[in-house]
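No hydrogens, no waters, no symmetry mates; every other heavy atom, side chains included, goes into these values. Protein chains get the first letters and strands the later ones, always in sequence-line order, with residue 1 at the start of each.
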Amino acid sequence: MTTNTPAVATATPETQAPRETYLNCSSGFMSWAGTLDHKRIGIMYLVGVGIAFLAGGLFALLVRLHLWEPEGLLFSNLDYNQVFTLHGAFMVFLFVIPAIPGSIGNMVLPLMVGAKDVALPRLNLLSFYLWLTGAILATLAIVLGGFDTGWTFYAPYSLYTDKAVVTIGLAVFVLGFSSIFTGLNFIVTVHKLRAPGMTWFRMPLMVWALYSTSILQVLATPVLGITVLLVAFERLYHIGIFDPRLGGDPVLFEHFFWFYSHPAVYIMVLPAFGIISELVSVHSRKPLFGYKLIAFSSLAIAIISFLVWGHHMFTSGQSTYAMFAFSFLTFFVAIPTAIKEFSWVATVWKGSVALNSPMLYALAFLIIFAIGGLTGVILGTLNVNLHLHDTYFVVAHFHYVMMGSISLAFFAGLHHWWPKMFGKMYSETLAKIACLIIFVGFNMTFIPQFIMGSRGMPRRYATYVPEFEPFHQASTIGAIILGCGVALMVFYLLQSLLSGKKAKENQWGGVTLDWHTPTPPPHLNFDHEPKVVHEVYDYSTLDYESMQRDAT
Amino acid sequence: MIHYLIQDPPQDPPKWDGVPAPDIDQFGQFPKLASTFHDVDGLFYFTYAVCIFFFVLITGVLLYSVVAHRRKTWDQKPLSNVTHNTPLEVVWTLIPLVLVMIMFAWGFKGSLDMTVVPHEAHLNTYKATAKQWSWQFTYPDGTTSYDEVWVEAGKPVQFILESKDVLHAFYVPAMRVKRDVVPGRYQSAWFEPHFTKEFAEGEPREQTFHLFCAEYCGLDHSRMYAKVHVVDAETMAKTPWNLVPKPEDPIEDKIAYGKQFANAQCLSCHSTNGAPGVGPTWKGLFTKDADGNYVGRQRDVLEGGQKKTITVDDAYILESIKEPMKKLAAEFPNGGMSNFDSLKDDEARLACILAYIKSLADN
Ligand SMILES: [Cu+2]
Ligand SMILES: [Cu+2]
């Protein structure tokens, strides 16, 4: 123990036998399948969303390959429509929404607030099994004839098509409950289980972000559930809510859908913000610039994001007043988002910036998210939106946010907490190479799409006018590069589990509670009840000795 | 090609075959503007410039600090421990706020121009009917065309949008116009078309632009395409979507026109395959003899209540169209054919219809 008193004393008795951790404290199939330990549930989520991501990525590659030629390389239009729908639905519902809260969030939230587990461990396990049920149903829907509605399920097409829309609707419904339960759990955990001394403004920003996300999940997701149920009823019993032939209104569907799906964008992106806030601070060894402003801007975004759904419908013929309000409020969300980006950059400024792989992924996020956010501003302007809506410009924009930013933040977080989770380190060299490949491949995939889009290439096209061919080909090559980068990442991460070096006790020099527990943590997270006596991100308390110590 | 192994080769050449790629504006982002909505381009490039400025600023500062302040020894402390700076935070909140408010106001004004249909456009109203996966256009005079539409340069035009089935979207990139076509309600879109290039002496003043369906509508969404022909007033007066072949034109043109016309006007009651309808089928009215001459069939008719048998010939066909009640086909003693007064003196169109009816004997 140095003279620097760490926020929490950690004691790691040097014993001969390997220390008991949550990974080795029990074994056997049921010790995982029936576990109530948030860390094991987090790992199961990680495996699940990882597989969903790879499946969604495979569909993406097929889409890109097909678009190599104007008349399409691989599929009939019918098959193409199914493949792009599968890509969207898998990525959104099975990966991006649950990925960070389910895996990393589950893993670190209780550690960060200094709790033994989440408040409702059984509900947590139920969330995971609901996710699994949703995933199985989605796969079943493919077997039952697939679905070709796009991930947005717009009526009335989704009412008339003869594909397995009800099954995938059921999948989305079930996945929604998984998401709601996780949100509920996190809210209760943050309110009830914070360690002594952990005041609201001593919470790490990851916790703030997950907390804001949870509020959105609990409030917005039910609307999605209701909407898919209505679609199912409409298909089965023809009740006439959305079907114009029965006097229904298809635009009403759009309102319901985006009332969920816009906040869902923030359900997806707020946890990513949380990860990045942690990472820039730890790897610059500097307190987060404008902590309170970032915390409040998360909440502000959570609230305003409920009021901007109409910006997805500027061409749908809503009234001028609605356009006015939705566009105005959309610009308002841009401000807290910009504040966050500026604050992160200011945190790095004059820090002690470590160029390790988590930080590289985080830096890649900062650059890509700048583009994703700024192009969002272009799309928010009303008259320009009328031209760009439903073109590849929109496709590129939301991939910069969903793939470029959220997935990269997920990767960054994964690299950051990987040693904490498994006590193993991956190859830093390979990690840096993979990050570079992913960064290059990603930009090469989507920059051509911005240009195509503003030149008028509509989205969801199986065939296209020949002047777009060079852009599509560049984009396809980019996607292949991106795919190689991801494959490399999967390879070295898995390899580290088999033959990785032992991770250090405090691999990166973090000062939040998650780094004040042994690595990997014991079954009940802390050997002693943690007590918080310092402000969050106070790096003067950094125990340099613990950073050098290897895990035992 | 690989794809023939997996999918059927495409049946028809794509509808956009032969339409040249649009000219691109000087910044390379948009097709050259072919309407009057300059605000879209102006605001886009303004916002774009602002975005590039902020992007360079953010990445510049970021990369500078990453390089200049990178950690060289493992226990290096940061150069500063500042946690906030209120003036700076106020500045970087206010400047973006002002900028986005400009963008909002400009964009809103621009969208009003695009959604409020001016009076001249009301006077020049077309209808666009979308159905899976084709477009039908109806001109102010009631004539129609499919998957192709002609508009006059410099003359504002309004399209009333109607869908027969699911959602579609009417999108002409060169005009910057996009509007969802929603089943169960009418929407409208307007623009004032212009040429995007100078024409050489004697070159026909005509340009063709893409019209896409931008809202996913199922199987052939990507093939739901139409051509927008912008032409001058002179060409417009010749109603190019409705050109009637003259007597000296080749017979194939007449047959083709006759077919198109009959499709639109006659075949709701008549069939060409022998099937019964509101009126007698056209199949078998003529047959072809060994020398290739058309021979009319024998037919029972009622003239003034009297039943007689005549031989179908050109005169009978023309009379049936001009004066349907004069000789009634015997199976239809009550008549029921609509009056086509406008055809009475229209020898050119009648000739085409006749040619088409006769051509049914060819196969
Ligand atoms: Cu949105
Ligand atoms: Cu369509």
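- In this structure, the side chain of A:R285 does not engage the main chain of B:P78 through any donor-acceptor pair within 3.5 Å.
- When the shell of 6.0 Å around CZ of A:F332 is examined, it contains 12 or fewer heavy atoms from other residues, nucleotides or ligands.
- For A:L159, no part lies under 4.5 angstrom from a heavy atom of chain B.
- One N or O on the side chain of A:S352 and one on the backbone of B:Q76 form a donor-acceptor pair closer than 3.5 Å.
- For the pair B:F46 and A:T381, the minimum side-chain heavy-atom distance is 4.5 Å or more.
- Heavy atoms closer than 4.5 Å to chain B are found in both the backbone and the side chain of A:S343.
- Using a 4.5 Å cut-off between heavy atoms, A:I378 contacts chain B through both its backbone and its side chain.
- The part of A:P250 that comes within reach of chain B is its side chain, from C-beta onward, which places non-hydrogen atoms under 4.5 angstrom from that chain.
- With B:F108 as the partner, the ring pair (Phe, Tyr, Trp, His ring centres under 6.0 Å) test is satisfied by one option alone out of A:F331, A:Y321, A:F324, A:F314: A:F324.
- If you measure heavy-atom distances from A:F393 to chain B, the contacts under 4.5 Å come from the side chain alone.
- With a threshold of 4.5 angstrom between heavy atoms, A:F328 approaches chain B through its backbone and through its side chain.
- Side-chain N or O atoms of A:Y291 include none that pairs as donor or acceptor with a backbone N or O of B:H84 at under 3.5 Å.
- Ring orientation note: the planes of A:F342 and B:W92 are tilted relative to one another, at an angle of 30° to 60°.
- Only the side chain of A:I335 comes within less than 4.5 Å of a heavy atom of chain B; its backbone N, CA, C and O stay farther away.
- For A:Q82, no part lies near chain B; criterion is any non-hydrogen pair under 4.5 Å.
- In this structure, chain B has a heavy atom under 4.5 Å from the side chain of A:A346, while its backbone stays farther away.
- In this structure, chain B has a heavy atom under 4.5 Å from the side chain of A:L293, while its backbone stays farther away.
- Here the two rings, on B:W16 and A:Y464, have centers that are 6.0 Å apart or farther.
- Contact annotation for A:D243: neither backbone nor side-chain heavy atoms come within less than 4.5 Å of a heavy atom of chain B.
- Aromatic rings from B:F30 and A:H387 are positioned such that their centres are separated by under 6.0 Å.
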Test ring pair (Phe, Tyr, Trp, His ring centres under 6.0 Å) applied to A:F84 and B:Y216, step by step:
CA-CA 12 Å; A:F84 87 71; B:Y216 178 69; 5.4 Å; yes
